[in-house]
Amino acid sequence: MHKAVILAGVAHNNPNFSPGWAGFFGMVALLAGIGVVLVGLFMVKTFRRSAEPPRGGRLVGAMGAVVGVFLVVGFALVALGVWLL
């Protein structure tokens, strides 16, 4: 009788197991996205407090754009992480 050798890196109990780095990079993207969203929300809170006259009335458009970019990029990273997981 011929004995087959099964390598530990190839064999897996789950037949639907897809080896790869998708789970790792998905979790990294998810955590990074959550971090960027939290930074964006902190910026919103800080900006709302400092945008009152006489200090920051002129910067409403610029700071709004920066906060928007942070939130959009953060939510995109979260969506990528969820998709990869």
**Prompt:** Looking only at heavy atoms, which two atoms of A29 and L80 are closest? And how far apart?
**Reply:** CB-CD2, 4.3 Å
**Message:** Please determine whether side-chain contact (heavy atoms from CB on, under 4.5 Å) holds for the pair L71 and L41, giving the CA-CA distance in whole Å, both sets of side-chain angles, and the decisive distance to 0.1 Å.
**Reply:** CA-CA 8 Å; L71 292 177; L41 291 176; 4.2 Å; yes
**Fill in**
Tracing side-chain contacts under 4.5 Å among Ile, Leu, Val, Met, Phe, Trp and Tyr outward from L38 reaches M27, L30, L31, I34, V78, V82, L85
**Prompt:** Does one hydrophobic cluster hold both V72 and V69, with members joined at side-chain heavy-atom distances below 4.5 Å?
**Reply:** no
**Fill in**
Across all chains, not counting sequence neighbours, the ring-ring contact (aromatic ring centres under 6.0 Å, His included) partners of F24 are W21
**Asked** Can you check whether M43 reaches V39 side chain to side chain, under 4.5 Å on heavy atoms?
**Response** yes
